[in-house]
Amino acid sequence: MNILHQLQQRFALALADFTEDPTEFAAMIRPAADTRFGDFQANCCMPLGKRNGVNPRELAARLVDKLDVSDLCEPPEIAGPGFINLKLQDEFLQQQLQHMAADQRLGVEPAGEPRNIIVDFSSPNVAKPMHVGHLRSTVIGDSICRLLRFLGHNVTSDNHIGDWGTQFGMIIYGYKNFLNTDAYATDPVPELARLYRLVNQLSDYHAAKESLPAQRERLATRQAELQSQEATAPAGDKSAQKALKKLRSELEGLKEEIASQEKKVATIDADAELQQLANAHPNIARLARDETAKLHGGDQENRTLWNQFLPQCLQALQRVYDRLGIQFDLALGESYYDDMLGEVVGDLQNKGMAKESGGAQCVFIEGNEAPFIVQKTDGAYTYATTDLATIRYRAEKLNADEILYVVDARQGEHFKLLFATAEQWGYSRIKFAHVSFGTVMGQDRRPYKTRSGDTVGLESLLDEAVSRAADIVAANDDSKIDDAGNPTPELDAETRQRIAEIVGLGGIKYADLHHNRESDYVFDWDKMLATTGDTATYMQYAYARVCGILRKGDVTAEELQAIDGPIRTTEPAERALALRLCRFSEALEAAANDYRPNQLTQYLYDLAGDLTTFYANCPVLKGTDAATRENRLRLVELSGRVIAQGLDLLGIAVSDRM
RNA sequence: GCCCUCGUAGCUCAGCAGGAUAGAGCGUCGGUUUCCUAAACCGAAGGUCGUGGGUUCGAAUCCCGCCGAGGGUACCA
C-alpha cells in the first residue's frame with residue numbers, strides 16, 4: 001500500500017495517450033509542496049507540454065479528463081502554469097488507515113523481487129579498540145541492513161574485520177618483548193591494546209627521529225623560498241599570488257607535522273623507562289613487519305599467537321556490538337581470504353588484466369592515473385587483492401546481486417578502481433555501491449579528537465552518552481509533580497538506568513543518522529542529547545506518551561488493533577496525522593533507494609510533530625464521547641507502532657515510560 | 001599538477017532525477033498549563049541559497065569560469 005505508487009500508476013495509464021514513456025512523467029508526482037495545494041501534486045504537464053508543443057494548462061486539462069482517480073481523490077485541480085493538484089478523499093484515506101492498522105507490516109509490502117544484498121560495514125581492526133571513526137559505518141550500515149531486510153530483501157551483513165594486517169605484527173612483537181604477564185592473565189584485551197600502542201609509539205619515535213632533520217631542512221628551504229617569492233611576486237599577478245598562498249599553506253602543514261613528530265619524540269624522551277625501551281629496540285618497525293611476514297608465511301609460533309589473540313579481540317568487539325544492538329550474519333575478516341589471494345592475482349594475470357609495473361602487479365583502469373595494485377614489489381598482497389577475493393566469494397558462494405560498502409568517503413578512489421576491476425573481471429551483473437559518508441568533526445572543525453589529541457574510544461563515547469542521559473532522565477523524573485505540586489517520580493533506579501541506555505545510545509545513533517551521510521558533521525553532545533528539537537529523545541518521548549495514554553485509557557494495543565472499521569479523520573490535525581501515517585512506506589522506500597537513513601529520520605520527526613500537534617488539539621480521553629475516544633485511541637496506537645517500527649529500522653530502541 | 005567533496009538564516013543542518021512564496025532544529029523575541037508526560041504546543045523576526053555567466057517558461061538543484069574550505073593522489077588499510 002503505497003499511495004504515491006497508486007497515483008503514479010493511474011497517471012501512467014492516462015499518460016499513455018500523450019507520451020511514449022508514461023512512467024517517466026508519472027514519476028513527477030510528489031507530495032504537495034504546500035498543504036494548501038492538496039496532498040499530492042503532478043508536475044508532468046510543463047515538461048510534457050513543451051515536448052509535445054502543447055500549452056501545459058491545456059495538456060493538464062486533457063490529462064485530467066483522461067485520468068481516473070475518482071475512487072482515490074477529490075476532483076483534481078489545475079493551477080499555475082499547469083500543476084495538477086490532488087487531494088485524497090477522506091474515505092479513501094480512512095480505508096488505507098484501517099488496512100494499515102490491521103497489518104503487522106504497517107502497510108509496507110515486501111519487495112516483489114527480493115535481492116541478495118551483502119552489506120559490508122563497520123570493519124574495525126581487531127588490534128585496536130574501536131574509536132569514533134567506526135561509529136558512522138557501524139550505525140549507518142546497521143540501519144541500511146534493517147531497512148532493506150524489512151523491505152523484504154535477503155540481506156547479509158558482513159563485518160570485514162581487519163585481522164591480518166601489519167597491526168598484528170606489532171602485537172606479536174609486543175607480546176614477545178614487552179608482555180606484562182599479570183595484566184594479560186587478568187584481562188588480555190587491554191594488555192594487547194597496550195602492546196599495540198607501545199610498539200606503535202616506539203616505531204613512530206624512531207621514524208620521527210630519523211625524518212625530523214630532513215623535515216626541518218625542508219621547512220627552512222621552503223621558508224626561504226616563500227620569502228624570496230613574497231619579495232618578488234607582483235601584487236596584481238593572480239597566479240603568483242595563488243602560488244604564494246599554496247606555499248604558505250604547505251608551510252603550515254609542514255610545521256604541524258614537525259610539531260606532532262617533535263611531540264612524539266619528547267614524550268619518549270621525558271620518560272626514562274620508555275627511552276630505555278626505545279634505545280633497546282632501534283629496529284622495532286622493521287622487526288614488527290617481519291613478524292607480520294612470518295605470520296603470513298605460516299610461521300608456527302606466530303600462527304599460534306594469532307589463534308590465541310583473535311578470539312579475545314573478537315569478543316571485545318562483540319561487547320560493543322551487543323551494547324549497540326548490532327548483529328552480523330557473517331564476520332569474515334581479511335584472514336579468511338588469505339589463501340585465495342594468489343589465485344586472484346594469477347587469474348588477473350591470465351586474463352591480461354594485471355601487469356607488472358615498477359615491480360608491482362597492477363591493474364590499470366582507463367581514465368585513472370593511479371594503478372590498482374594487487375601485489376606489491378615485495379610479493380605481499382594488498383587490500384585491493386583481498387577486496388577482489390571477497391567479491392569473488394560473495395558472488396560465487398553467497399550469490400550476491402548487490403554489494404554495499406559502508407565506508408568513509410576518502411576511500412572513493414579505491415572503490416572506483418575496485419568496482420571497475422571487478423566488472424572487467426566478470427562480475428558486471430552485480431550492483432556495487434560505495435555508500436560513502438563524511439567525517440565526524442569536533443567543534444573545532446577538525447576530525448573529532450579528545451582534548452589531548454587522541455582519537456576518542458567508542459566505548460567511552462557510549463559510556464558518556466549513557467551517563468549524560470542518566471542525568472537527564474533523573475532530572476525529568478524528579479520534576480514530575482501531582483496536582484498539589486508534590487513530587488511524584490515514577491521510575492526506580494533500575495528503570496532509570498535502562499531508559500538512560502536507550503536515550504543515550506539512541507541519541508548518538510540518531511545524531512549520526514539524521515545528517516545526510518555524505519556530509520561531514522560536527523559532533524555535539526548537547527545537541528544529540530538535547531531534550532528539545534530534532535533528536536531521538538523527541539521521538540522516544542512521543543512513543544512513551546502514546547503508551548501513557550493507552551495505560552490511562554485502560555486499553556491495550558492488541559485490543560485496539562482488533563477493532564475493525566475505518567478510522568475517521570474529522571479534525572484537521574487528525575487528517576494531517578493520518579496522511580503522514582499513510583506515507584510510511586514512501587519514506588522507507590526513499591531511505592532505501594539511495595541508502596539514506598536521514599530520509600527516514602525526517603519522516604519520523606514529521607510524524608512525531610504531527611502526533612504532538614494532534615495531542616494539543618484533539619483530546620483523546622477527556623471530554624470525548626465513546627466513539628471519538630476509541631477512534632483517537634486507534635490513531636494514537638497506530639502512530640506509536642509506526643514510530644517504534646521506524647526507530648527500530650534506525651537501530652534505536654523505545655521505552656514505554658520516560 | 002591531476003582528481004573528488006563541500007560552500008543554503010547568528011549556529012548546526014535538510015532540500016539538489018529543475019517546479020508554485022527556499023525548510024527544520026538550536027538560539028532570540030512573544031504567547032499557551034482547571035486539560036491524557038510542558039522532554040510539549042502556537043506565533044514572530046531572521047536568507048543576494050559563496051560569486052559571475054549559461055541552458056530553461058521556470059535554477060539552491062543542470063553546465064562553465066572564479067573565490068573559499070576540506071580530502072585523495074603507485075606499493076598502509
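Order of the sequence lines fixes the chain letters, A, B, ..., with proteins taken first and strands second; residue numbering starts at 1 for each chain.
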Chemist: Which part of the nucleic acid does A:T537 contact within heavy-atom distance under 4.0 Å: base, sugar-phosphate only, or nothing?
Modeler: base
Chemist: At a cut-off of 3.5 Å, list every protein nitrogen or oxygen paired with a nitrogen or oxygen from nucleotides 70-74 of chain B, distance to 0.1 Å.
Modeler:
{"residue": "B:rG72", "atom": "O2'", "partner": "A:E413", "partner atom": "OE1", "Å": "3.2"}
{"residue": "B:rA74", "atom": "N1", "partner": "A:S357", "partner atom": "OG", "Å": "2.7"}

Chemist: How long is the line joining CE of A:M658 and P of B:rA40, in whole Å?
Modeler: 10 Å
Chemist: Identify each atom pair where a protein N or O and an N or O of nucleotides 21-24 of chain B are less than 3.5 Å apart, giving names and distance.
Modeler:
{"residue": "B:rU21", "atom": "N3", "partner": "A:R36", "partner atom": "NH2", "Å": "3.3"}
{"residue": "B:rU21", "atom": "O4", "partner": "A:R36", "partner atom": "NH1", "Å": "3.2"}
{"residue": "B:rU21", "atom": "O4", "partner": "A:R36", "partner atom": "NH2", "Å": "2.5"}

Chemist: In whole Å, what is the span from the NZ atom of A:K416 to the P atom of B:rC4?
Modeler: 7 Å
Chemist: Any salt bridge (charged side-chain N to carboxylate O under 4.0 Å, His left out) pairs touching residues 624-636 of chain A, not counting sequence neighbours?
Modeler: A:E574-A:R632
Chemist: Hey, can you pull the residues of residues 609-616 of chain A with a non-hydrogen atom under 4.0 angstrom from RNA chain B?
Modeler: A:T612, A:T613, A:Y615, A:A616
Chemist: Would you kindly give the CZ-to-C1' distance between A:R445 and B:rG68, to the nearest whole Å?
Modeler: 14 Å
Chemist: For residues A:Y538 and A:Y605, establish whether the separation of their ring centroids is below 6.0 Å.
Modeler: yes
Chemist: Show each protein N/O and nucleotides 6-9 of chain B N/O combination with a separation under 3.5 Å, one pair to a line.
Modeler:
none

Chemist: What pairs with A:F121 under ring pair (Phe, Tyr, Trp, His ring centres under 6.0 Å), at least two apart in sequence or on another chain?
Modeler: A:F328
Chemist: Any idea which of B:rA20, B:rA14, B:rC36 is nearest the A:V620 side chain?
Modeler: B:rC36
Chemist: Under 3.5 Å for both distances, Watson-Crick or G-U wobble, that's the pair rule; now give the dot-bracket for RNA chain B, with | marking pairs to another strand and [ ] for crossing ones.
Modeler: (((((((..((((.....[...)))).(((((.......))))).....(((((..]....))))))))))))....
Chemist: Roughly how many Å apart are B:rG23 and B:rC36, using the C1' atom of each and rounding to a whole number?
Modeler: 31 Å
Chemist: Scan residues 121-134 of chain A for pairs that pass salt bridge (charged side-chain N to carboxylate O under 4.0 Å, His left out), counting only residues two or more places apart or in two chains.
Modeler: none
Chemist: Measuring only the P atom in each nucleotide, how far is B:rC3 from B:rA22? A whole number of Å is fine.
Modeler: 36 Å
Chemist: In terms of ring plane angle, is the pair A:F415 and A:H434 parallel, tilted or perpendicular, where the classes change at 30° and 60°?
Modeler: tilted
Chemist: What integer distance in Å separates A:H434:NE2 from B:rU5:C1'?
Modeler: 12 Å
Chemist: Determine the interatomic distance between P on B:rU21 and the same-named atom on B:rG25; round to the nearest Å.
Modeler: 22 Å
Chemist: What's the gap between B:rA60 and B:rG7 when it is taken at their P atoms, as a whole Å value?
Modeler: 14 Å
Chemist: Below 3.5 Å is the cut-off: list the nitrogen or oxygen pairs between protein and nucleotides 17-19 of chain B, distance only.
Modeler:
{"residue": "B:rG19", "atom": "O6", "partner": "A:P47", "partner atom": "N", "Å": "3.3"}

Chemist: I need the CD1-P distance between A:I481 and B:rA38, as an integer number of Å.
Modeler: 11 Å
Chemist: Under 3.5 Å between N/O atoms: give me all the protein pairs with nucleotides 59-61 of chain B, atom names plus distance.
Modeler:
none

Chemist: Got a list of side-chain donor-acceptor pairs under 3.5 Å for residues 548-557 of chain A, not counting sequence neighbours?
Modeler:
{"residue": "A:R551", "atom": "NH1", "partner": "A:D656", "partner atom": "O", "Å": "3.2"}
{"residue": "A:R551", "atom": "NH2", "partner": "A:D656", "partner atom": "O", "Å": "3.4"}
{"residue": "A:T556", "atom": "OG1", "partner": "A:E559", "partner atom": "N", "Å": "3.1"}

Chemist: Please report the interatomic distance CG(A:D534) to CE(A:M528), rounded to the nearest 0.5 Å.
Modeler: 13.0 Å
Chemist: At less than 4.0 Å, is any side-chain N or O atom of A:R545 found next to OP1 or OP2 of B:rA38? Yes or no.
Modeler: yes
Chemist: Is the distance from the ring center of A:Y381 to that of A:Y337 below 6.0 Å?
Modeler: no
Chemist: May I ask you to verify if any side-chain N or O of A:Y381 is less than 4.0 angstrom from the OP1 or OP2 atom of B:rC76?
Modeler: no
Chemist: Should A:R517 be listed as having a side-chain N or O under 4.0 Å from OP1 or OP2 of B:rU5?
Modeler: no
Chemist: Tell me if a side-chain donor or acceptor on A:D158 pairs with a main-chain N or O of A:L332 at a distance below 3.5 Å.
Modeler: yes
Chemist: Return the set of residues passing ring pair (Phe, Tyr, Trp, His ring centres under 6.0 Å) with A:F372 (not counting sequence neighbours), or none when no residue passes.
Modeler: A:H414
Chemist: Is the NZ or CZ atom of A:R583 both under 6.0 Å from the centre of the six-membered ring of A:F40 and within 45° of that ring's axis?
Modeler: yes
Chemist: Sticking with atom C1', work out how far B:rU73 lies from B:rU55, rounded to a whole angstrom.
Modeler: 34 Å
Chemist: Output the rounded distance in Å from NE2 (A:H160) to C1' (B:rA77).
Modeler: 10 Å
Chemist: Between B:rC13, B:rA77, B:rA14, which nucleotide gets closest to the side-chain atoms of A:N516?
Modeler: B:rA14
